[in-house]
Amino acid sequence: MFRIVGLEPGEVRPSLELWHRLVHPDDRARAMRLDALAGEAEGGMVETFRVIGVDNVQRHVQSWSTVIPADGASPRAVAGATVDVTRQVTDRVLLELRSSTDPVTNLANRLGFERRMTTLLDDRTRDVGLLLLDLDRFKMVNDSLGHQVGDRLLVEDLSFTLPKAG
């Protein structure tokens with residue numbers, strides 16, 4: 001705990017209350033639930049959440065805890081461990097982004113589009129509209145001028161002003 005949040009041993013007295021104060025406010029209820037329910041789950045509980053260190057840097061941690069009865073009766077103690085998984089979370093997010101984004105246009109590819117549409121359609125609180133554009137004879141551009149030219153055309157700023165009617 002000390003190393004993850006940037007405290008020196010002896011600087012503060014370790015406690016569950018201190019740990020909960022270091023957990024990101026949006027994740028605090030889940031972290032507290034982990035400790036509260038640890039004795040009810042076979043083998044304890046595991047949860048991933050964010051903590052904020054004394055340097056105000058947010059880190060992702062994975063924590064497990066289990067309740068140990070004292071000689072088979074109350075009172076009980078909570079045992080557990082917490083591991084910094086910030087790098088793994090960051091790598092996973094980056095991998096998901098790369099797998100769902102076209103590297104040339106930086107737009108969502110088919111996978112990204114499907115994920116986004118699923119998220120939007122599952123959200124019953126918002127209206128969703130979809131605009132499809134078709135580039136006529138774009139295959140001819142790729143076939144005759146090459147994919148590099150076609151890719152550049154896709155990302156080119158082709159801003160223009162429509163002529164005024166009448």
Side-chain angles (χ1 to χ4, degrees), residues 1-133 151-152 154-157 159:
M1 177 177 94
F2 289 115
R3 183 177 50 79
I4 292 172
V5 298
L7 292 170
E8 292 295 324
E11 191 174 337
V12 293
R13 185 168 184 240
S15 69
L16 213 45
E17 292 77 26
L18 170 64
W19 180 243
H20 290 158
R21 283 197 319 266
L22 295 168
V23 173
H24 190 284
D26 294 344
D27 297 346
R28 194 167 290 140
R30 280 189 302 119
M32 292 174 78
R33 184 177 155 271
L34 174 73
D35 298 320
L37 297 177
E40 298 177 17
E42 180 106 5
M45 300 279 293
V46 178
E47 188 70 68
T48 301
F49 50 89
R50 296 164 293 173
V51 295
I52 300 173
V54 295
D55 56 0
N56 284 325
V57 173
Q58 179 178 287
R59 293 170 181 84
H60 294 265
V61 296
Q62 188 170 62
S63 191
W64 68 264
S65 64
T66 189
V67 174
I68 302 170
D71 297 329
S74 294
R76 299 182 275 177
V78 176
T82 299
V83 179
D84 187 340
V85 293
T86 304
R87 178 67 187 254
Q88 292 89 329
V89 170
T90 303
D91 288 350
R92 186 186 74 234
V93 168
L94 184 59
L95 181 62
E96 287 175 5
L97 180 64
R98 286 185 178 166
S99 71
S100 61
T101 306
D102 179 83
V104 175
T105 63
N106 222 17
L107 296 171
N109 61 16
R110 181 182 303 255
L111 176 63
F113 174 77
E114 288 174 355
R115 284 180 182 166
R116 181 71 175 138
M117 288 306 298
T118 299
T119 301
L120 289 171
L121 292 173
D122 286 346
D123 181 359
R124 304 284 185 207
T125 64
R126 76 170 39 188
D127 295 327
V128 177
L130 177 64
L131 173 66
L132 294 175
L133 297 175
D151 290 346
R152 283 197 353 248
L154 286 175
V155 296
E156 186 67 32
D157 181 3
S159 300

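This chain uses plain numbering: 1 for the first residue, then up along the sequence. Just so it is clear, the structure is predicted and the values come from calculations on it, not from any experiment. Reckoned from all heavy atoms, side chains included, excluding hydrogens, waters and symmetry mates.
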Inset, instruction - Would you check if the side chain of T101 reaches a backbone N or O of A108 as a donor-acceptor pair within less than 3.5 Å? - result: no
Inset, instruction - Quick one: pull up CG in L121 and CZ in R116 and give me the separation to the nearest 0.5 Å. - result: 10.5 Å
Inset, instruction - Please report the closest heavy-atom contact between H24 and I52, naming both atoms and the distance. - result: CD2-CD1, 3.8 Å
Legend entry - Separation between OG1 of T82 and CZ of R3, rounded to the nearest 0.5 Å: 10.5 Å
Inset, instruction - Would you check if S99 and R115 make a side-chain contact, meaning some heavy-atom pair closer than 4.5 Å? - result: yes
Inset, instruction - Can you tell me which residue pairs pass the salt bridge (Lys or Arg N to Asp or Glu O under 4.0 Å) test with a partner in residues 81-96, sequence neighbours excluded? - result: R87-D91, R92-E96
Legend entry - Test item: R28 side-chain N/O and V23 main-chain N/O as donor-acceptor pair under 3.5 Å: yes
Inset, instruction - Please assess W19 against V5 for the test side chain to side chain contact (heavy atoms under 4.5 Å, CB included), listing each intermediate value before the final yes or no. - result: CA-CA 9 Å; W19 180 243; V5 298; 4.2 Å; yes
Legend entry - Partner residues of N109 under the side chain to side chain donor-acceptor pair (under 3.5 Å) criterion, sequence neighbours left out: none
Inset, instruction - Of all the heavy-atom pairs spanning D55 and R59, show the shortest one and how long it is. - result: OD2-NH2, 2.9 Å
Inset, instruction - Look only at the side chain of R30 and the backbone of T48, and say whether a donor-acceptor pair between them is shorter than 3.5 Å. - result: yes
Legend entry - Side chain proximity check, R50 to D26, heavy atoms < 4.5 angstrom: yes
Inset, instruction - Let me see the working for L120 and R126 under side chain to side chain contact (heavy atoms under 4.5 Å, CB included), right down to the final yes or no. - result: CA-CA 8 Å; L120 289 171; R126 76 170 39 188; 3.3 Å; yes
Inset, instruction - Measure the shortest side-chain to side-chain distance between V128 and M117 over non-hydrogen atoms and say whether it is less than 4.5 angstrom. - result: yes
Inset, instruction - Evaluate the side-chain proximity of L107 to F113: yes if any heavy-atom separation is below 4.5 Å, no if none is. - result: no
Inset, instruction - For D102, enumerate each residue passing the salt bridge (charged side-chain N to carboxylate O under 4.0 Å, His left out) test, keeping only those at least two apart in sequence or located in another chain. - result: none
Legend entry - CD (Q58) with more than 12 external heavy atoms under 6.0 Å: yes
Legend entry - Separation between CG of L22 and CD1 of I4, rounded to the nearest 0.5 Å: 10.5 Å
